[in-house]
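Working notes, structure below.
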Amino acid sequence: MRAEPVAETPCLALGEGPIWDATARSLHWIGIPDRRVLTLHRPSGRVTSLELEVTPGTLMLAAEGRPVLATERGFEALDTATGRTELLAAVEADRPERRMNDGKRDPYGRPVAGTMQRSEPRLPGSLYRLESDGSVLPILDGLAIPNGLAWPEPDRLWHIDTPTRRIELYEYPEHGPVGRRIRSLDVSHLPGMPDGMTLDGAGNLWVAFWDGGAVHCLSPEGRLLDTVEVPVPRSTSCAFGGPELETLYITTARSEEHPLSGALFAVAVPGVRGRA
């Protein structure tokens with residue numbers, strides 16, 4: 001399969017974090033250094049852009065209330081009318097050389113996101129969770145570039161620390177830090193570095209590969225099941241969207257030699273649907 005660019009979507013320096021909003025029938029994604037939240041409205045194909053005051057790492061929708069951003073400052077509530085944010089909880093406020101990166105809400109509705117160094121050397125970061133009482137709990141330490149997260153079950157967490165070129169499955173208790181490692185998938189045989197990911201309805205992993213020009217589908221045991229070719233090298237993340245979650249959307253980052261790099265791409269995957 002080959003993904004194609006979605007019409008009239010801008011090319012960002014670093015597009016990331018696609019997420020399908022079933023209520024609004026739209027796909028949201030962010031530009032990290034661009035400081036923007038973009039929205040693709042279905043079925044019209046219209047794209048709107050919201051400028052932010054802070055550098056985002058990811059956007060997380062809320063079951064009720066305002067969406068939450070993981071930013072350079074911590075977890076922040078987003079006013080979607082103005083782009084202004086309200087700091088809910090600071091994260092590593094004494095570390096201005098770091099920022100928050102990829103994240104998602106966990107099965108209990110709590111925002112989870114990791115921290116990373118802005119530049120080399122990549123000193124270890126952590127995965128943090130915003131608790132229901134407003135406190136922040138570090139749940140997994142020693143991470144270089146924390147990226148893709150996915151929960152196949154409420155008590156299991158898939159997570160990618162990009163430079164390791166591995167995808168780890170952990171115990172995920174409702175309270176407290178991440179538990180023991182259950183499984184480790186080595187993806188070093190595939191070109192590029194694993195970045196963001198999502199799960200389909202069967203529990204298979206769809207993983208975007210930075211400098212790999214592809215999204216690969218892996219079984220929970222690590223078997224390569226399918227590949228979506230992306231015509232630019234830096235695939236950053238992916239999410240299923242559309243009325244039946246039938247379309248795989250793929251965010252990318254800019255590279256000088258590829259005019260379409262940084263655009264949003266999409267492909268309909270036959271026989272595959274995302275998870276609600």
task: Output yes when a side-chain donor or acceptor of T252 lies under 3.5 Å from a complementary backbone atom of A263, and no otherwise.
output: yes
message: Quick check: do P10 and R36 have side-chain heavy atoms less than 4.5 Å from each other?
response: yes
- prompt: Hey, mind stepping through W29 and Y249 against ring pair (Phe, Tyr, Trp, His ring centres under 6.0 Å) and telling me if it holds?
  reply: CA-CA 10 Å; W29 75 107; Y249 289 98; 8.4 Å; no
query: Any side-chain heavy-atom pair from L169 and P152 closer than 4.5 angstrom?
result: yes
- prompt: Do the charged groups of E86 and R84 touch, with an N to O distance under 4.0 Å?
  reply: no
task: Could you tell me whether the side chain of R42 and the main chain of A24 form a donor-acceptor pair under 3.5 Å?
output: no
- prompt: Looking at OG1 of T71 and CG of L52, how far apart are the two atoms once the value is rounded to the nearest 0.5 Å?
  reply: 9.5 Å
query: When rounded to the nearest 0.5 angstrom, what distance separates CZ in F240 from CG in L248?
result: 4.5 Å
field: Heavy-atom check, side chain of W20 versus side chain of L245, under 4.5 Å
entry: yes
query: Does the R105 side chain pair with the main chain of L61, one donor and one acceptor, at a distance under 3.5 Å?
result: yes
message: Once you measure the plane-to-plane angle for Y108 and Y172, does it fall in the parallel (<30°), tilted (30-60°) or perpendicular (>60°) bin?
response: parallel
Pairwise side-chain contact, N101 with I32, heavy-atom cut-off 4.5 Å (strictly under): yes
query: Would you call C217 and W206 a side-chain contact if the rule is heavy atoms closer than 4.5 Å?
result: yes
- line: Here the pair of heavy atoms bringing V267 nearest to R2 is CG2-O, 3.8 Å
message: Checking the side chain of R234 only, and the main-chain atoms of A253 only, is there a donor and an acceptor separated by less than 3.5 Å?
response: no
- request: Kindly compute the distance separating CD (E131) from CZ (R110), expressed to the nearest 0.5 Å.
  value: 5.5 Å
message: Under a 3.5 Å distance rule, please check whether R165 uses its side chain to pair with a backbone N or O of G192 as donor and acceptor.
response: yes
message: Strictly below 4.0 Å, N to O, side chains only: are D200 and R275 in salt-bridge contact?
response: no
field: Within-4.5 Å side-chain heavy-atom neighbours: L50 and L78
entry: yes
query: Does a side-chain heavy-atom distance below 4.5 Å link V207 with V187?
result: no
message: Distance check, rounded to the nearest 0.5 Å: M116 atom CE versus D161 atom CG?
response: 10.0 Å
query: Any Lys/Arg nitrogen of E72 or R35 sitting under 4.0 Å from an Asp/Glu carboxylate oxygen of the other?
result: yes
